[in-house]
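I have placed the structure first, in the form of structure tokens, so that the comments after it can refer back to it.
Please read all numbers here as calculations on a predicted model, not as lab measurements.
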Amino acid sequence: VKPKVAALASDKSEDAAAAKAEVKPKVAAKADGAKEMQVQLDELRAENAALMLKIMTLASPDAELSFSEAQMETALAAAVTAPASVIKKIFPERVILPKRPKRDMALKQGELLTPASEADIVWPIPGEMPPFWDRPPMPTPPASTDAIPQDPNPLHIVHITAEMAPIAKVGGLGDVVTGLARAHHCAGHNVEVILPYYSCLPDNQIQDLKHVQDFSVPKGTNWDGETRVVGLRTSCYSGVIGGCKVLLLRPTDSKSSNIFKGGAIYGGSYNELEAYLYFCRASLEFLKISRRQPDIIHVHEWQCSSVAMLYWDLYFKEGVLKSPKVMLTIHNMDNTGECRQEEFLATGVEGELFNTLERAMDERTIGHNPERMCLLKGGINYSNFVTTVSPTYAKDALEGRGGFLAKILKENKLKFRGVLNGVDEDLWDARIDPALPASFQPGEMAGKALCKKYLQTGLGLTVDADRPMVVCISRLVPQKGIDLIKHAIIRTKAKGGQFVLLGSGHSDPEFKKLAEGEYKDDPDVKLLVFYSDPLSHLMYAAADMVLVPSMFEPCGLTQMIAMQYGALPVVRKTGGLGDTVKDVDDLKEPEEKRNGFVFEGADNASLEGALDRAIEYYKERKEWWSVMQEIVMVMDNSWEHAGKEYMDLYRAMQLA
């Protein structure tokens, strides 16, 4: 604020020029008129700064202010010359958020966190700053004291991963890690998650953050044809994220290494392959020096696949880690982790050891110069068990739709299974979600209508409860059906609905162009080309339908989260989408499993077949729609079932 005020009060500003013109006649008779004029101008600048400070503190200490950009610009322009009495009139509308009292007692069974009351909602103003979705959430009550069944034979489980919700999340990987880890933690198991300590992680959102120790990690380099392995000093920190114990690793000296430095999880200037190879070695090295002997090491995706390779051929052979069995979960087979032999040296181990057909060589590169490795293949071969995130995705992979990995998976089919992901109900529950202006649950659905009105108001859309709202929350990448999303915007508007998009990715430029061009200030379309977790909660709660038109989808959490909030999914039948969503008009499916609108083709006409039906049913079958909202909300998409299935696999691995 201060630089903008100073700029507006500078000699070059029109307001300052006007002030100068007014002052000049008063000082013209004075011999040192120029000097006094400068003094007065300096006083004016000081007054401006004081007035802006006053503006920002107009509210009481117990309230928080949000101003729109337009209001702020008006205040800044007026502050150059206006006295305090005028300044106070600058803000005829301001969003004052009363402090919400903390709850000292846990919610009772079935009690809403925020009862539905239109009068108690502080309604948003379009364009308010900070944006309405960043308002402070409702304070969450203490955790329920209801007893959770404890496993009488607890295991020590260590997850090694590149992502973890909510603060180190890019896609579904982060949600899965947190959901599964928390499910087992709540059942009494000792669960730890090893995660890179990205520089972009907000330290204030990591509970009990503290330094554990520094240690040396072997890391190789190839300089001028000479191979060297040196120790890279590494720091370990402990903390709690999402209710789970975490161990965060990064190079100690940030000046000599840029590994994991950057403004986003995968947005740094460092070499990602080098960084994750180092991270895999550092994770195992920390288990070794801390004398941990977990029962299970559960690794995720290509980024952590080399853990399995290094564990069996290095740490287990040396006898320093004896107990663990290794599970690999493949969340997306599109990313396989291509690696040249010399690049593997970032682990401190020569890649030649693994660059064979029986271990990790990528068959597609045979005869190439150089022949390369596939880290995901190595992880599959070396792990005791391999899972992927839905039964259909596993079946598709074995039938050849897993690319060149199909052959490897067929060779290992006895240790390969699809386990359907779950939804973390501690994070996604319309009854207790602190991001919502009004809570709701089956039998008490008034809050959902208020959430829709709240979002319509805040985004500047037409406020109309009868207008169907289609929401799409997605990474904007080809996998997610970019062309179908764009057609759905057009079709929804043409059919009298509203469309709200939230997401970012490779296709940001074309969606930003639409947002700033054709759909700018459109009363029925809002394209938000970024990601915000609080806003996603509001959108799920406001949605009548949630669109997921993926070209392929290993599992998908979006459609399951949508149902948690009483929104009916509109999906393309592929992978986990086909496992979790059954068409409401499919008479071959049991009635109790029908929960959405499904299409199979990848063309616009196929999409229209499902989307048009959804919009028509919303408009013409109101009572049926209300019943379906409550039906999908009570469907069991929790981690409880998946957690038990994973635990059965862990136990089987121990016996093998």
Side-chain angles (χ1 to χ4, degrees), residues 158-163 170-171 173 176-177 194-196 217-222 249 259-260 265-266 268 270-285 297-316 324 326-366 368 370-389 397 402-412 415-416 554:
V158 173
H159 290 268
I160 302 179
T161 176
E163 294 184 34
V170 174
L173 167 61
V176 171
V177 170
I194 302 182
L195 182 73
V217 176
K219 185 176 183 298
T221 59
N222 196 313
L249 304 180
I259 287 177
F260 301 134
I265 303 302
Y266 301 125
Y270 57 89
N271 180 310
E272 287 188 5
L273 177 61
E274 175 194 8
Y276 290 116
L277 288 171
Y278 150 76
F279 171 67
C280 289
R281 182 66 190 268
S283 298
L284 289 168
E285 198 67 18
I297 298 176
H298 193 153
V299 302
H300 299 265
E301 292 288 63
W302 72 264
Q303 289 97 332
C304 302
S305 290
S306 59
V307 167
M309 301 156 65
L310 294 169
Y311 169 70
W312 288 110
D313 275 2
L314 202 65
Y315 290 83
F316 182 80
V326 182
M327 175 178 283
L328 166 67
T329 294
I330 305 171
H331 299 256
N332 191 330
M333 293 183 199
D334 255 17
N335 305 311
T336 60
E338 186 178 285
C339 175
R340 295 196 307 272
Q341 182 172 300
E342 65 272 17
E343 290 175 317
F344 195 81
L345 191 59
T347 64
V349 177
E350 292 277 2
E352 184 179 2
L353 174 65
F354 301 101
N355 199 16
T356 66
L357 282 174
E358 297 76 22
R359 296 184 177 187
M361 180 183 285
D362 188 335
E363 289 94 329
R364 298 169 299 177
T365 69
I366 293 176
H368 293 201
E371 293 173 333
R372 294 183 293 278
M373 301 161 61
C374 171
L375 298 179
L376 202 54
K377 174 185 173 180
I380 293 169
N381 282 331
Y382 274 85
S383 294
N384 296 93
F385 207 90
V386 181
T387 64
T388 192
V389 291
F404 90 99
L405 289 176
K407 178 176 178 292
I408 310 302
L409 291 170
K410 284 180 181 178
E411 293 172 355
N412 291 275
K415 66 172 188 178
F416 178 56

Quick one: does [X]'s side chain get under 4.5 Å of [Y]'s, heavy atoms only?
{"X": "His368", "Y": "Asp362", "result": "no"}
{"X": "Asn335", "Y": "Leu376", "result": "no"}
{"X": "Ser306", "Y": "Phe354", "result": "no"}
{"X": "Leu357", "Y": "Ile366", "result": "yes"}
{"X": "Arg372", "Y": "Phe344", "result": "no"}
{"X": "Cys280", "Y": "Thr347", "result": "no"}
{"X": "Thr388", "Y": "Met333", "result": "yes"}
{"X": "Arg359", "Y": "Asp313", "result": "yes"}

May I ask you to decide if [Y]'s main-chain N or O and [X]'s side chain share a donor-acceptor pair within less than 3.5 Å?
{"X": "Tyr311", "Y": "Pro324", "result": "yes"}
{"X": "Asn384", "Y": "Val326", "result": "yes"}
{"X": "Glu285", "Y": "Val217", "result": "no"}

Going from [atom1] on [X] to [atom2] on [Y], what distance comes out if it is rounded to the nearest 0.5 angstrom?
{"X": "Ser305", "Y": "Leu277", "atom1": "OG", "atom2": "CG", "value": "10.0 Å"}
{"X": "Met373", "Y": "Thr365", "atom1": "CE", "atom2": "OG1", "value": "10.5 Å"}
{"X": "Thr387", "Y": "Ile330", "atom1": "OG1", "atom2": "CD1", "value": "8.0 Å"}
{"X": "Met361", "Y": "Cys374", "atom1": "CE", "atom2": "SG", "value": "12.0 Å"}
{"X": "Glu342", "Y": "Glu350", "atom1": "CD", "atom2": "CD", "value": "10.0 Å"}
{"X": "Glu411", "Y": "Leu405", "atom1": "CD", "atom2": "CG", "value": "11.0 Å"}

Nearest non-hydrogen partners of [X] and [Y], listed with the distance:
{"X": "Phe416", "Y": "Phe385", "result": "N-CZ, 4.0 Å"}
{"X": "Ile194", "Y": "Phe279", "result": "O-CZ, 3.5 Å"}
{"X": "Glu343", "Y": "Leu273", "result": "OE1-CD2, 3.2 Å"}
{"X": "Tyr270", "Y": "Tyr276", "result": "OH-OH, 4.3 Å"}
{"X": "Ile160", "Y": "Cys304", "result": "O-SG, 3.5 Å"}
{"X": "Leu345", "Y": "Thr221", "result": "CD2-O, 3.4 Å"}

* So among His159, His298, Glu301, which one has a side chain to side chain donor-acceptor pair (under 3.5 Å) with Thr329? ->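 Among His159, His298, Glu301, the one that satisfies the side chain to side chain donor-acceptor pair (under 3.5 Å) with Thr329 is His298.
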
* Verdict with reasoning, Lys219 to Ile259, per side-chain contact (heavy atoms from CB on, under 4.5 Å) -> CA-CA 13 Å; Lys219 185 176 183 298; Ile259 287 177; 4.1 Å; yes

* Please assess Leu173 against Asn332 for the test side-chain contact (heavy atoms from CB on, under 4.5 Å), listing each intermediate value before the final yes or no. => CA-CA 9 Å; Leu173 167 61; Asn332 191 330; over 6 Å; no

* **N-O pairing of Glu363 and Lys377 below 4.0 Å** => yes

* To do: Please check if atom CD in Glu272 has more than 12 non-hydrogen atoms from other residues, nucleotides or ligands closer than 6.0 Å.
  =>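 Count over threshold, so yes.
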
* To do: Give the intermediate values and the outcome of side-chain contact (heavy atoms from CB on, under 4.5 Å) for residues Glu163 and Val177.
  => CA-CA 8 Å; Glu163 294 184 34; Val177 170; over 6 Å; no

* To do: Verify side-chain contact (heavy atoms from CB on, under 4.5 Å) between Val386 and Asn412, making sure each step is shown before the conclusion.
  => CA-CA 9 Å; Val386 181; Asn412 291 275; 5.9 Å; no

